[in-house]
Amino acid sequence: MADLNINIAGMQFKNPVTTASGCFGYGEEFRDFYDLGLLGGIFVKAVTGSNRDGNKYPRMAETPSGMLNSVGLQNKGVDHFCEFIYPRLREFNTQIIVNVSGSTIEEYVKVAERINELEGIPAIELNISCPNVKEGGMAFGVVPSTATEVTRAVRDVYKKVLMVKLSPNVTSITEMAKAVVDGGADVLTLINTLLGMAINAETQRPVISTITGGLSGPAIKPVALRMVWQVFKAVKIPIVGLGGIMNATDAIEFMLAGASVIQVGTANFIDPMVAPKIVEGINEYLDRHNIASAREIIGALKVC
Amino acid sequence: MADLNINIAGMQFKNPVTTASGCFGYGEEFRDFYDLGLLGGIFVKAVTGSNRDGNKYPRMAETPSGMLNSVGLQNKGVDHFCEFIYPRLREFNTQIIVNVSGSTIEEYVKVAERINELEGIPAIELNISCPNVKEGGMAFGVVPSTATEVTRAVRDVYKKVLMVKLSPNVTSITEMAKAVVDGGADVLTLINTLLGMAINAETQRPVISTITGGLSGPAIKPVALRMVWQVFKAVKIPIVGLGGIMNATDAIEFMLAGASVIQVGTANFIDPMVAPKIVEGINEYLDRHNIASAREIIGALKVC
Amino acid sequence: MPVILPGQFVQVLVHNSPSTFLRRPFSIHFVDYARNTLKLLVQVKGEGTRHMGMLAPGDTLNLVYPLGNSFSVPASHKVLLVGGGAGVAPLMFMGDFLNQKSIRPDFLVGFRSADEVSQVEEYSKYGKVYLSTDDGSMGEKGFVTQNPVFNQSPLPYDRIYCCGPDAMMHAVANIAAEKGVACEVSLENYMACGYGVCLCCITQTDKGNERVCIEGPVFDAARLKWQSNG
Amino acid sequence: MPVILPGQFVQVLVHNSPSTFLRRPFSIHFVDYARNTLKLLVQVKGEGTRHMGMLAPGDTLNLVYPLGNSFSVPASHKVLLVGGGAGVAPLMFMGDFLNQKSIRPDFLVGFRSADEVSQVEEYSKYGKVYLSTDDGSMGEKGFVTQNPVFNQSPLPYDRIYCCGPDAMMHAVANIAAEKGVACEVSLENYMACGYGVCLCCITQTDKGNERVCIEGPVFDAARLKWQSNG
Ligand SMILES: Cc1cc2nc3c(=O)[nH]c(=O)nc-3n(C[C@H](O)[C@H](O)[C@H](O)COP(=O)(O)OP(=O)(O)OC[C@H]3O[C@@H](n4cnc5c(N)ncnc54)[C@H](O)[C@@H]3O)c2cc1C
Ligand SMILES: Cc1cc2nc3c(=O)[nH]c(=O)nc-3n(C[C@H](O)[C@H](O)[C@H](O)COP(=O)(O)OP(=O)(O)OC[C@H]3O[C@@H](n4cnc5c(N)ncnc54)[C@H](O)[C@@H]3O)c2cc1C
Ligand SMILES: Cc1cc2nc3c(=O)[nH]c(=O)nc-3n(C[C@H](O)[C@H](O)[C@H](O)COP(=O)(O)O)c2cc1C
Ligand SMILES: Cc1cc2nc3c(=O)[nH]c(=O)nc-3n(C[C@H](O)[C@H](O)[C@H](O)COP(=O)(O)O)c2cc1C
Ligand code: FES
Ligand code: FES
């Protein structure tokens, strides 16, 4: 049994396997499948300043080795979260990180302030990369100066671990990474979805109501790995890596590229048991390769 | 039998189906499979100012619903092309377009000038989007001002149809499109490959020699469709669309999104007969939908 | 097997189909606890269902189940089950379930034409069967909504349970509303997860966006704002 | 069937394997024109070959063939065919081909252990067989390069044809070079297309980068710069 503990920005993860925001609800839905205490952590669904209905149906299209979604941050807002959801989350024996979204800097700040008060929530993940909302969302995540600005504004009010989730829809992911480091981020999460589109040739219409949506799943894994690797070489803060992770081998690839912790997103839809299986698989891999600790493979890619 | 003729920038294509640069050699290899006269056109492998050996082996990695390549523009240079390859291309009864690449503006200009002299080559496709060469290549295709500059420099010396092939590795594809329109492009080709990476977890090494490479195949289709659609709405010049087209349905999706002509790339590796099958399939689709001409579906996506 | 109720569904992992990335949802067609069997009734629509059609006896299938809510238990014995096409799937299970509660429902099933009609004798074990085909090649000609069953006034039912294509369910729900009969429909929205975490499968109801996979697939028709589906 | 020469290969489309996107190359193991059959010898390595292993008699396979060049026709009768693991595949075909030219080659085949050894009697139809296993569980112990065949000086062969893992071919090529015997090797580089258009499969030779799928897979070992392969 290898040592799976990972410590980033002072946060202790019992293993590097967490679940991605928007792909795991508030965790509760998975209690029927397994003990959530098996996970390193859970990134819960985006929370915004107030209630959002999200986008119109249809919100989903299957694509080759992936899917498009345009959920659009549907959630009941931060007040509802604090009052009704937070108390239930506290029961889980794993790290709970809240994904914070918004349309304006004020909204991000408001949500972050509220979450800051919640005991037992050690970190937020600032989602400046959602492609599925008209204003805000991805807009903050594709221009370095605004990314710095929103990060700094949240940094000023948020006292615990500040993670910022980056959009892959940019020319230079390292420039974006540096911009949010400048703004005071403690940890970087990458990547969110790629902006894509699906068309039904028979009806000659877009498949999803918003025409374009966010592409996730194994299709984007090569892009995600590349970005994790580029950012790992460019900045000094820890990386949470994701994008198309379906099994332990994929997870290990992300760690070799530089991720300290990984998130499992779309894979939860294909196999609800996948996350604990990945924990198991990482352990087996480390044992088989005689590696004592998961920490040893972070960024350990051999490139010469 | 529907009318499959497409006319863009004064060039006549007998049908919208062409083959992508780097995925079809110089066409000759496919003569054993079918009559190249069945195609709308052929975009031949990149030609540079002088001989290039390309990158080291391994140059290829399979990925979910796609592949990474890092061929790196291997070719014998424009002199060799004009002397030995061009005469053989002239025998094909289809449009031949030469993909022009380089590391400096001077190199692009030099190659374009030479190709300009060749009778029977109605167009070049300026490749400012190759992710697999150290200098030049993609660098020109991700910064609007340099994209305008290289396009304008080539425009000054090249008198026939100037197509410019864009990189998808940018924050705003419409901005890039407008930049090369400003530079004098007649036609836009999109997209080239997405920059990606593959890792062998067992050996803990990158799979390809260049660490990162270009992602192609169905995995990138949603991104390609989205970019074609965005650019179709943003500029007035015709679009050649590609990225993951495997069959006639895919081709029709690109045309609905705004492509006048489509290119088949990676699919040629899976089925060498795929391009003429797509011509057939487009014809069947048009007949089945009682559409008289392929021109009618260009940009015809219904979005309300 | 766990306790399964009529109206619930399974999520099927389709092996060996390169273009089928997500699981595919199917209503539970029948459950036989004694024999430990669960039946699905699958219509071939695309690649996923085509590959399911290639399964051989003895092959294994990876399922997540039981998912979703279920049809309500009716308070009266006057029940009509309406189904169209592959949408008839859950009716057999519901018929058996009602019989066990000593209710013999009427069935109204619609198909495109005679060669698509199946299992009519099976249904008649559980109740009286009315049949419609679009082309009139068997039973009444026309859509189920044109079946003479609906000409009766007042309708001799206290509750209608309906599943099938959206347009059909909407039309049945409209008739039920007009005639003042309670109606439950089982929706077939596109799903990614099937267990409530992705928020892709929503339908608009009087409570806003609800998840068809968790709050549904069965809804009181009166609560639905149909325009949102598709 | 078209004319096929030993050393040529096929590109196989692997159906129903979601993670196998590209075709998979395999040497042609045997051709029987009379019966119109073509044989492949496939070792299960990953998902593609695992799915090929699940094929049943009568299943169809989509092939592009024949691809690549072939082993040269030797000028003398003193020929050694060396193969290791799945790399033995083309040797059977070459043996038959040589027999038809009235040449009885010697075979030297290497496997990891006795339970991987196959078809030794088959080879002996075409020539004398020397056998090595890494663990000595059958034939000589050690790599093929340690087989006593290579202790002879001078080597009683005018030409060696070799296929197998890169390291093995390189080692055999080195011995051949030392002993002044001409040697041809059949490379197994990663391929995307298999017919010369993608430029992915290159190997460095005295002429620069050559395509293994077109200019190869068979190369005169003396022309190769081995360091480039992997
Ligand atoms: C709760 C639920 C229960 C269902 N029960 C059954 C059942 O008992 N028997 C049965 O045969 N089918 C049932 N379906 C529908 C079934 O899930 C789809 O037919 C199947 O997923 C199609 O998969 P495919 O890969 O073959 O087709 P695809 O290639 O995915 O699609 C083929 C065609 O069918 C359409 N389509 C696919 N899924 C849906 C959908 N959910 N809604 C509307 N159109 C769709 C597509 O737009 C496309 O035109 C149910 C669906 C849901 C949500
Ligand atoms: C010209 C040629 C002829 C061949 N002839 C035969 C033959 O007759 N019989 C036979 O069994 N195999 C042969 N091979 C090898 C065969 O193509 C691979 O084993 C097969 O493609 C693996 O596919 P997969 O999906 O099962 O494995 P993958 O999942 O693709 O790979 C599994 C493992 O095998 C390694 N691997 C896969 N392909 C290659 C390769 N080309 N070179 C080195 N390592 C590789 C991968 O790195 C990985 O570790 C030949 C290859 C070439 C190029
Ligand atoms: C249905 C769905 C909903 C999502 N919602 C959110 C969200 O609310 N906030 C967020 O930061 N990312 C969201 N994402 C993005 C994922 O967290 C993740 O970044 C992305 O899907 C890539 O990882 P994957 O390929 O493992 O799914 C969502 C993704 C999906 C598929
Ligand atoms: C092996 C390979 C070589 C390529 N070489 C070139 C090239 O020389 N010039 C170029 O503009 N694009 C090149 N491309 C990119 C393709 O032309 C095309 O833009 C890309 O592959 C996306 O299309 P596809 O998904 O249909 O393959 C190459 C692609 C591949 C896979
Ligand atoms: S399908 Fe995911 S929430 Fe219903
Ligand atoms: S495999 Fe494509 S050139 Fe050889």
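In what follows, chains are A, B, ... by sequence order, proteins preceding strands, each numbered from 1. Computed from a prediction, not measured in an experiment: that's the story for all the values here.
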- [ ] Under 4.5 Å heavy-atom distance to chain B, tell me which part of A/Leu301 shows up: side chain, backbone, both or neither.
- [x] both
- [ ] Starting at CG of B/Asn169, measure out to CD1 of A/Ile173 and round the result to the nearest 0.5 Å.
- [x] 11.5 Å
Task: Side-chain donor-acceptor contact under 3.5 Å, B/His289 with A/Gln204 - done: no
Task: Under 4.5 Å from any heavy atom of chain B - which part of A/Thr63 - done: side chain
Open item on the list: Let's test your reading of the structure: which of B/Arg226, B/Met255, B/Arg288 forms the most heavy-atom pairs below 4.5 Å with chain A?
Closed with: B/Arg226
Task: Donor-acceptor under 3.5 Å (A/Tyr285 side chain, B/Ala201 main chain) - done: yes
- [ ] Give, for atom CD1 of A/Ile199 and atom NZ of B/Lys302, the distance between the pair rounded to the nearest 0.5 Å.
- [x] 12.0 Å
Open item on the list: Quick check on A/Phe254 against chain B: is it the side chain, the backbone, both or neither that has a heavy atom closer than 4.5 Å?
Closed with: neither
Open item on the list: Counting only non-hydrogen atoms closer than 4.5 Å, does A/Ile220 touch chain B with its backbone (N, CA, C, O), its side chain (CB onward), both, or neither?
Closed with: neither
Task: Minimal non-hydrogen separation, A/Val170 against B/Thr171, with atom names - done: CA-OG1, 3.2 Å
Task: Which atoms of A/Ile211 approach chain B - backbone, side chain, both or neither, heavy atom under 4.5 Å - done: side chain
Open item on the list: Is B/Leu225 in contact with chain A via its backbone, its side chain, both, or neither, using a 4.5 Å heavy-atom distance?
Closed with: both
Task: Interface moiety of A/Ala224 toward chain B, non-hydrogen atoms closer than 4.5 Å - done: neither
Task: Greatest number of heavy atom pairs closer than 4.5 Å to chain B - which of A/Ala257, A/Ser172, A/Pro222 - done: A/Pro222
Task: Closest non-hydrogen atom pair between B/Leu215 and A/Val223, with its separation - done: CD2-CG2, 4.0 Å
Open item on the list: Please classify the contact between A/Gln230 and chain B as side chain, backbone, both or neither, with a heavy-atom cut-off of under 4.5 Å.
Closed with: side chain
- [ ] Could you look at A/Thr203 and say if it's the side chain, the backbone, both or neither that has a heavy atom under 4.5 Å from chain B?
- [x] backbone
